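Contents: one structure, followed by commentary.
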Amino acid sequence: MSDANAPWLVVGLGNPGPEYAANRHNVGFMVADLLAERIGGKFKRAQKAQAQVVEGRIGAPGPENRRIVLAKPMSYMNLSGGPVTSLRDFYKVPTANIVAIHDELDIDYGTLRLKLGGGDNGHNGLKSMTKSMGPDYHRVRFGIGRPPGRMQVADFVLKDFSSTERKELAYVLDRAADAVECLVIEGLERAQSTYNS
């Protein structure tokens, strides 16, 4: 199977359970939910992995149409690598066709950055994925900014967005979903020039 026909695995990183649903650390899940809505799919439990998945297609009919598997690992953030590797193997996805959507402390809130490969920057979800399959997958980094004052990073990422942030959240999530679609259909360079702010 040539890479042009290989599916894409788009992974929203987050923690399972209603108590985490609106946390900053769960923006990956939020973007994945939005993408699932766009392709008219509902998340179901994966047969071969500890994850929820939606299969579908994005892009106009024709050569730009791409098969996509959206996934939300149900293993907690620091163990994301296991479910992602299982899904990669089951769907026969090349590592270069994997996209991780995650929160990023070192980028201002509302800013997006896309890249291929690189370090984990202390992010436990990325750390786990890289340990399982190497660093050569795409990342859609969703800026959440640094914690205010002396607040610990762990407390900050496990808190919900502030009321001020929530005013812009729908717009930024929408833009992140657009960025994922652009990356999958048109490639990294085009997505970076359009969405890296």
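Owing to the predicted nature of the structure, the values given are computational and were not obtained by experimental measurement.
Within the model, atoms CZ of Arg67 and CG of Asn5 stand 10.0 Å from one another, a figure rounded to the nearest 0.5 Å. The NE2 atom of His138 sits 12.0 Å away from the NZ atom of Lys115 when rounded to the nearest 0.5 Å.
Taking 4.0 Å as the cut-off between side-chain N and carboxylate O, Asp106 and Arg146 count as a salt-bridged pair.
Note on Met74: it does not cluster hydrophobically with Leu158, by side-chain heavy-atom contacts below 4.5 Å among ILVMFWY residues. No path of Ile, Leu, Val, Met, Phe, Trp and Tyr side chains, each step under 4.5 Å between heavy atoms, connects Leu79 with Leu13, placing them in separate hydrophobic clusters. In the hydrophobic clustering of ILVMFWY residues, with side-chain heavy atoms under 4.5 Å counting as a link, Ile144 and Leu114 come out together. Met30 and Ile107 fall into different hydrophobic clusters, where Ile, Leu, Val, Met, Phe, Trp and Tyr are joined by side-chain heavy atoms under 4.5 Å apart, directly or via other members.
Smallest separation of non-hydrogen atoms from Pro7 and Tyr91: CG-O, 3.4 Å.
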Worked check of side chain to side chain contact (heavy atoms under 4.5 Å, CB included) between Thr194 and Asp178: CA-CA 10 Å; Thr194 309; Asp178 291 345; over 6 Å; no
Using distance only, find each side-chain donor-acceptor pair of residues 181-189 under 3.5 Å and give its atom names and separation, not counting sequence neighbours.
residue: Glu181; atom: OE1; partner: Arg38; partner atom: NH1; Å: 3.3
residue: Glu181; atom: OE2; partner: Arg38; partner atom: NH1; Å: 3.4
residue: Glu186; atom: OE1; partner: Arg190; partner atom: NH1; Å: 2.9

Side-chain donor-acceptor pairs of residues 56-63 under 3.5 Å, sequence neighbours excluded:
residue: Arg57; atom: NE; partner: Asn65; partner atom: OD1; Å: 2.3
residue: Arg57; atom: NH2; partner: Asn65; partner atom: OD1; Å: 3.4

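Listed by chain and residue number, nothing satisfies the salt bridge (charged side-chain N to carboxylate O under 4.0 Å, His left out) test with Glu64 (two or more places apart in sequence, or in another chain).
In the model, Tyr109 has no side-chain atom that pairs as donor or acceptor with a side-chain atom of Glu168 under 3.5 Å.
Annotation: side chain of Pro73 is in contact with side chain of Val11 (closest heavy-atom distance under 4.5 Å). Counting only heavy atoms from C-beta outward, the side chains of Glu104 and Arg113 never approach each other to under 4.5 Å.
Between Phe142 and Phe161, the ring-plane angle classifies as tilted under the 30° and 60° cut-offs.
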